[in-house]
Structure formats: C-alpha cells, structure tokens
Participant: 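Submitted below is the structure of interest, expressed as structure tokens.
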Amino acid sequence: MAGLETTGSNPDVGLLYDINGLAATAPDWVDRVVTFAGEYGLILALVLLTVWTWWRVRRTACREEAAGAVAAVVWAPLAAGIALLVNIPIRGFVGRPRPAEAHRGIEELVAGRTDFSFVSDHATLAMALAVGLFIAHRRAGLAGIALAALLGFSRVYLGVHYPTDVIGGLALGTAVALLLSPLASALLTPLTKLISRSATVGRLVWSPKGTEGESASVEEEREQGQEQGRERQEDGVRQESGAVGVSRRRDRDLAA
C-alpha cells in the first residue's frame, strides 16, 4: 500500500507492534501454541463446532424447523468459501505488503508469507463460518464468533497481519454470510426438506429426539392423530346419514 508509515505513529502500526511485541517476551511454548492455534487449531475448532451444530439442530421434533436450521449450517461453509473468493480481487487491488516487509522489528513467527496482507483470509473464513452458525444456532454462533476473534488476535500476534487486515476480514466474512443468507436459505431449505423425507438419508437433516425403537416422532404422532380424527369425523357423518335414512324410511312406512 503506497504511503504506508514505517513507524509506530500510525495507530494500526502501533497496535501491531504492541500485540506482536508480546511474542518477543513470551516463552517459546506460548509462541508454539499460538502458532498452531493461529494456523490450524482455531480453524479446526470451528469445523468441529460446525459438525456439532449440525448434529444438534437436526434433533428436534419439528421437521420444518430442522430443515431450515440444517440449511443454515450448510450455508456456513459455503459462505466461507464465497468470502474467500471475494477476497481474491480485494487483496490484489489493495496490494498491501506483509508487516515484516514494511516494518523493522516485527517478530514474524510464520515465515514464508509473500502474498498480500489485506484482507486476512483466516479472519474472513472464520467469521463467515461463525456468522453462518449464528443463523442456525445462537449459542454455537456466539462461540464461533469468539473463536474468530481469537484467531484474528493470533494473526497479529504472529506478525503476519495488521489489525486492520483482521478487522477487514471479520467484516467481509460477516457481510457475505448475512447478505447472501436469504438467497441461500431460499435455495437450500427446499433441498433439505426433500432430503428429510428420504427413508435412506433423511436422518442427515431430521433425527427427532427419543430412544431407539420409539414408534413415531412427535410430529408423526400429531399427523396420525389428525388422520384418526378425520376418520372418526367421517364415520360420524356416515352414521348420521344412515340414521337419517332409516328415520325417513320409517316416516314413509307410517304414512303408507
């Protein structure tokens, strides 16, 4: 980025030095833990959280509710992929070098980064996943947002991104996940509803709570009850019609 300051007088650069400076005084094991977490660990945690959320939202009594929630969970990784694609032209257009290339004294714990810095791919991916999960399951989404924030902090700690790179990534991931969510829901929910009614793969979308061997789910029992009610009503109408017919025949016989 043209005109970027090479001292800590810029607030963005100053915060970079403050956070990255922690790595110079921290024990080696802390640096190793943060490196693993910032590169792979927190992303893996978000993936596992996504799997847990899928497992959780499908176990509900209402088929329609489960289909909508699973569609939202499916949207989360799709949103992350779309956000990363959107970031490709942004990074090329801004052309911001990595902090270690533009500033002295940066403790770069992950070497070999030669691509552009703005926007952070890690932060973009993490936040898109987290916001997608928030749409499906509030508590899981909040946990995901916390993990995304930790991931963003770790990228600055590692010296591979500026704070604004991370903030831009969090904003981009949020925007893609939220703005395209209505369209994604309109496309994915009919598909998940269709899958939920399949005898072979239906449990991928809808697996009602209960023990093995239960005769029917809550919704199925409700449907059966409604069907039985209709049958009883039809039987009552037939019986009433028969009684009216018998009464009329009696009246004709008496009149004759």
Side-chain angles (χ1 to χ4, degrees), residues 12 15-16 18-23 26-27 29-59 69-88 90-91 98-99 107-110 113 115 117-181 184-185 188:
D12 189 26
L15 190 56
L16 165 67
D18 290 340
I19 297 176
N20 179 250
L22 299 173
W29 67 268
V30 173
D31 290 345
R32 288 194 295 270
V33 169
V34 176
T35 299
F36 175 77
E39 286 286 285
Y40 314 106
L42 290 170
I43 294 295
L44 177 60
L46 280 165
V47 171
L48 294 176
L49 181 63
T50 302
V51 174
W52 179 88
T53 305
W54 159 75
W55 183 266
R56 177 68 180 82
V57 300
R58 61 193 267 280
R59 297 181 61 80
V70 170
V73 174
V74 173
W75 166 237
L78 292 178
I82 293 173
L84 291 177
L85 291 176
V86 172
N87 190 30
I88 293 175
I90 294 176
R91 299 184 80 164
R98 295 282 180 168
E107 189 80 14
E108 191 176 32
L109 300 183
V110 181
R113 293 289 188 271
D115 55 341
S117 181
F118 185 92
V119 174
S120 168
D121 277 339
H122 280 72
T124 300
L125 183 149
M127 199 61 173
L129 268 176
V131 173
L133 294 180
F134 184 81
I135 296 172
H137 190 281
R138 294 294 184 263
R139 285 182 294 176
L142 290 175
I145 291 171
L147 290 174
L150 285 175
L151 178 61
F153 178 86
S154 71
R155 303 304 289 172
V156 181
Y157 181 97
L158 297 175
V160 294
H161 281 293
Y162 297 91
T164 49
D165 296 341
V166 170
I167 294 172
L170 298 178
L172 177 59
T174 300
V176 170
L178 286 181
L179 294 179
L180 297 182
S181 176
S185 178
L188 293 173

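Every heavy atom of this structure was used, including side-chain atoms; hydrogens, water molecules and symmetry mates were not. Count residues from 1 along the sequence.
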Participant: Please report the shortest heavy-atom distance between Ala126 and Leu46, naming the atom on each side.
Facilitator: CB-CD1, 3.5 Å
Participant: Just verifying a value: how many Å separate Phe118 CZ and Ile167 CD1, rounded to the nearest 0.5 Å?
Facilitator: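 Output value for this atom pair is 9.5 Å.
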Participant: Return the OG1 to CG distance between Thr124 and Leu170, rounded to the nearest 0.5 Å.
Facilitator: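 Here the rounded value is 7.5 Å.
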Participant: So, Asp165 side chain and Tyr162 main chain: donor-acceptor pair closer than 3.5 Å or not?
Facilitator: yes
Participant: Any carboxylate oxygen within less than 4.0 angstrom of a Lys/Arg side-chain nitrogen, looking at Arg91 and Asp115?
Facilitator: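 A salt bridge links Arg91 with Asp115.
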Participant: If we check side chain to side chain contact (heavy atoms under 4.5 Å, CB included) with Tyr157, which of these qualifies: Leu109, Thr35, Leu16?
Facilitator: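 Testing Tyr157 for a side chain to side chain contact (heavy atoms under 4.5 Å, CB included) against Leu109, Thr35, Leu16 leaves exactly one candidate, Leu109.
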Participant: Looking only at non-hydrogen atoms, find the nearest pair between Gly168 and Val119 and report the distance.
Facilitator: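 Scanning both residues completely, I find the closest heavy atoms to be C-CG1, 3.3 Å.
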Participant: Mind checking the NE2-CG spacing from His137 to Leu142? Nearest 0.5 Å is all I need.
Facilitator: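 It is 10.0 Å, given to the nearest 0.5 Å.
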Participant: Over all heavy atoms of both residues, which pair between Ala128 and Ala177 is shortest? Give the atoms and the distance, please.
Facilitator: O-CB, 3.8 Å
Participant: My understanding is that only residues two or more places apart in sequence, or in another chain, count here; which of them pass side-chain contact (heavy atoms from CB on, under 4.5 Å) with Ile145?
Facilitator: Met127, Ala130
Participant: Could you state the interatomic distance from CD1 (Ile43) to CG (Leu125), rounded to the nearest 0.5 Å?
Facilitator: 4.5 Å
Participant: Would you name the heavy atoms of Glu39 and His122 that are closest together and state the gap between them?
Facilitator: O-NE2, 3.5 Å
Participant: Kindly give the heavy-atom pair with the smallest separation between Ala69 and Val57, and that separation in Å.
Facilitator: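 Heavy atoms of Ala69 and Val57 come nearest at CB-CB, 3.6 Å.
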Participant: Measuring from Asp121:CG to Ile88:CD1, what's the distance to the nearest 0.5 Å?
Facilitator: 8.0 Å
Participant: Think Arg138 forms a cation-pi with Phe134, using NZ or CZ under 6.0 Å from the six-ring centre and within 45 degrees of its axis?
Facilitator: yes
Participant: Could you tell me whether the side chain of Leu172 reaches within less than 4.5 Å of the side chain of Ile90, counting heavy atoms only?
Facilitator: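 Side chain of Ile90 against side chain of Leu172, heavy atoms only: contact under 4.5 Å found.
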Participant: Please say whether the positively charged group of Arg58, taken as NZ for Lys or CZ for Arg, lies over the ring of Trp55, i.e. under 6.0 angstrom from the six-membered ring centre and within 45 degrees of the axis.
Facilitator: yes
Participant: Which atom names give the shortest non-hydrogen contact between Ala136 and Thr53, and what distance separates them?
Facilitator: CB-CG2, 4.5 Å
Participant: Using modelled atom types only, decide if a donor and an acceptor are shared between the side chain of Ser181 and the backbone of Leu178 within a distance under 3.5 Å.
Facilitator: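 Looks like no, no N/O pair under 3.5 Å.
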Participant: Step by step, work out the side chain to side chain contact (heavy atoms under 4.5 Å, CB included) result for Leu147 and Leu129.
Facilitator: CA-CA 10 Å; Leu147 290 174; Leu129 268 176; over 6 Å; no
Participant: Side chains of Ile82 and Trp75: closer than 4.5 Å at any heavy-atom pair?
Facilitator: yes
Participant: For the pair His161 (side chain) and Ser117 (backbone), establish whether a donor and an acceptor sit closer than 3.5 Å, ignoring hydrogens and angles.
Facilitator: yes
Participant: Between atom CZ of Phe36 and atom CG of Leu42, what is the distance when rounded to the nearest 0.5 Å?
Facilitator: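 The distance works out to 9.0 Å.
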